[in-house]
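Worksheet: one structure, shown below.
These numbers come from a predicted model, not from an experiment. All heavy atoms count here, side chains included; hydrogens, waters and symmetry mates do not.
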Amino acid sequence: MFKILLLIAIGFVVLAVIRTYQRSLNKPSASARDQTVEDMVKCAHCGVNLPRSEAIYSGGVFFCTPEHKQLGKK
């Protein structure tokens, strides 16, 4: 009976090690996470924060939509 319990315990340990290893393979590296970070800017009209790549830059300020660009800074 003790041998069976020991084998089951060893099986759980091996399974836990395998799962931990598989999870570590799926995680992006720290440098990959740092590269995906993008600066956020605030719309000069409504104040919404959005990524710099999606913002419209005009007259030294950022806007979230062409309509807000036409309305101008508040």
Less than 3.5 Å apart, which donor and acceptor atoms pair up between the side chains of residues 39-52 and the rest of the protein, not counting sequence neighbours?
residue	atom	partner	partner atom	Å
His45	ND1	Gly72	O	3.0

For Ile10, side-chain contact (heavy atoms from CB on, under 4.5 Å) partners two or more places apart
Leu6, Val14
Not counting sequence neighbours, which residues clear side-chain contact (heavy atoms from CB on, under 4.5 Å) with Leu5? List them please.
none
NZ of Lys73 to NE2 of His68: how many Å apart, nearest 0.5 Å?
15.0 Å
What's the spacing between Glu67 CD and Ile56 CD1 if we round to 0.5 Å?
8.0 Å
Examine distances only and state if a side-chain atom of Glu54 and a backbone atom of Cys64 form a donor-acceptor pair shorter than 3.5 Å.
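Flag not set: sc Glu54 to bb Cys64 has no pair under 3.5 Å.
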Test side chain to side chain donor-acceptor pair (under 3.5 Å) applied to Thr20 - qualifying residues, sequence neighbours left out:
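Partners of Thr20 by the side chain to side chain donor-acceptor pair (under 3.5 Å) criterion come out as none, since no residue qualifies.
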Share the residues that join Ile8 in a hydrophobic cluster, the rule being Ile, Leu, Val, Met, Phe, Trp or Tyr side chains under 4.5 Å apart at the heavy-atom level.
Ile4, Phe12
